[in-house]
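Inspection log for the structure reproduced underneath, given as structure tokens.
Chain letters run A, B, ... following the sequence lines, proteins first and then strands; every chain starts at 1.
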There are 2 protein chains.
Amino acid sequence: MAGRPVDHQRRAQLLDAIVDYAIEHGFSELSWRPVAAALGVSTTTLVHHFGTKEQMFEAILGRLRERMIVSMRDLTGEQADLATAARAAWERTSGPERAAEFRLFFAVYGRALQAPRQFAEFLEHVVADWMGALRDAQGPDVDPATATRTATLVIATIRGLLLDLLATCDRDRIEDAAEAFLATLSRAG
Amino acid sequence: MAGRPVDHQRRAQLLDAIVDYAIEHGFSELSWRPVAAALGVSTTTLVHHFGTKEQMFEAILGRLRERMIVSMRDLTGEQADLATAARAAWERTSGPERAAEFRLFFAVYGRALQAPRQFAEFLEHVVADWMGALRDAQGPDVDPATATRTATLVIATIRGLLLDLLATCDRDRIEDAAEAFLATLSRAG
DNA sequence: CAATTCCTAGTACGATCGTACTAGGAATGT
DNA sequence: ACATTCCTAGTACGATCGTACTAGGAATTG
């Protein structure tokens, strides 16, 4: 008994390629056959590794979640400072090279606001992590309620600006507003 | 020559029903057959009035745009005041009875961030209108650049909070943060 | 009245979807 | 070596999709 062992690395490698494909093509074009063709494998290979399509979405969101949470690690350097944390968050997310990734991120919202629970869970995890980072950035001596309030507001503002940035071509206007917002935080904190 | 005249009212009536269906079911379930079944007509009736599916999406977005712009008319009462305008904007958008509508609104973002131009155009029109309203609310005597900056920021914050509100179940946290944000505007303005 | 145009419905065709089924080569434990 | 399990591929089936085609009843002008 006990034949060939499961190749977990193979699945992870396929999953990363699928996430890249999703970032580039969006969710709507995410069918077995096109993905398999892009990866140079057969659809049955993908089905074998990921089961149903719903399970594949779950795997994609899990991996994407990991990536996005990792990209927001250690927002503050040494000192705990909300203003620098917010600025770091903005700069890490607003770069043109990450636009495709955040396009997919907001596509998750589009899906989460309809039925399936998996997309909503994804957002809860990611946003909760970012909230924690921005709460920590305010230091231990601030009122927890206001810390939560401030973190919520900062995330909401940045996310709203990001949506603008991705949806419009008016990058200057958005970056100007973002700069003003971050300056406000520096003045206040 | 000249036979039966075109019944424009019939088309408008069908379109409104389709928009309602879209608000309730989202874009992904927006196929000829289910919509026709829900409306109690045949698919050919819809095809006859709207042509291709892309044209139907265009019609839906056009009607939805009208609705959303109308819902934000006259944010300020008599006096031009950014704080009251922002508060009015928040209160008009955050109500639970409009949640379904804004779910679809953010679903537009999800699509706009991928290919098709029509969704991006929709957002440009709607956001431009809201921007204008919030710029006007600041009165004629403020610097146009800062007025644009402020309007951008207010819209971004409200939109970010709205996304949070729709995606999470933590309504209290969001409304608390929104209240703090609006209070800030009142203090500043 | 007749002619014409619009509205609606039924049907059918090709494409694509998710997925189950079959089967053969590859890699392991005994 | 052998049995067993994994990986990959090919194929096929049913469902759903957008849409073209056909045709008949309704409403209008001449």
Can A:Asp20 and A:Arg67 be said to form a salt bridge (Lys or Arg N to Asp or Glu O under 4.0 Å), step by step? CA-CA 11 Å; A:Asp20 288 337; A:Arg67 287 199 196 176; 3.1 Å; yes

Specify the separation, in whole Å, of atom CD of A:Gln9 and atom P of D:dC6. 18 Å

How close or far is atom P of D:dG18 from atom CH2 of B:Trp32, stated in whole angstroms? 8 Å

Sorted by position of nearest nucleotide on DNA chain D, 5' first, the leading residue of A:Thr43 and B:Leu30 is A:Thr43

Partner of D:dT22 by Watson-Crick or G-U wobble geometry, both contacts under 3.5 Å, or none? C:dA9

Among the candidates D:dC17, C:dA9, D:dC6, find the nucleotide nearest to the side-chain atoms of A:Arg4. D:dC6

Separation of D:dA9 P from A:Arg33 CZ (nearest whole Å): 15 Å

DNA chain D: 5'-proximal contact among B:Pro5 and B:Gly51 (nearest heavy atom): B:Gly51

Find the distance B:Leu46:CG to C:dC6:P and express it as a whole number of Å. 18 Å

Return the value, rounded to whole Å, for the distance between atom CD of B:Glu29 and atom C1' of D:dA15. 16 Å

The test is salt bridge (Lys or Arg N to Asp or Glu O under 4.0 Å); show your working for B:Arg10 and B:Asp7 and say whether it passes. CA-CA 5 Å; B:Arg10 175 64 172 148; B:Asp7 188 354; 5.9 Å; no

Look at A:Arg65 together with A:Asp129 and state whether they make a salt bridge at an N to O cut-off of under 4.0 Å. no

To the nearest Å, how far apart are A:Leu39 CG and D:dT8 P? 11 Å

Under 4.0 Å: is that the gap between some side-chain N or O of A:His49 and OP1 or OP2 of D:dT8? yes

Would you find a donor on one side and an acceptor on the other, under 3.5 Å apart, between the side chain of B:Glu101 and the backbone of B:Arg98? no

Closest to the A:Pro34 side chain, choosing from C:dT8, D:dC17, C:dC17: C:dC17

Rounded off to whole Å, could you give me the NZ-to-C1' distance for the A:Lys53 and C:dC17 pair? 8 Å

Parallel, tilted or perpendicular: which one describes the rings of A:Phe105 and A:Phe102, with boundaries at 30° and 60°? perpendicular

Indicate whether OP1 or OP2 belonging to C:dC17 is found under 4.0 Å from a side-chain N or O atom of A:Ser31. yes

Any idea which of D:dT8, D:dC21, D:dC7 is nearest the A:Arg10 side chain? D:dT8

Whole angstrom is fine here: how far is it from CZ in A:Phe50 over to C1' in C:dA20? 19 Å

Shortest side-chain distance from A:Thr44, nucleotide among D:dG10, D:dT19, C:dA9: D:dG10

Distance criterion of 3.5 Å, no angle test: do you see the side chain of B:Thr45 paired donor-to-acceptor with the base of C:dA9? no

Would one find a side-chain N or O of B:His48 under 4.0 angstrom from OP1 or OP2 of C:dC7? yes

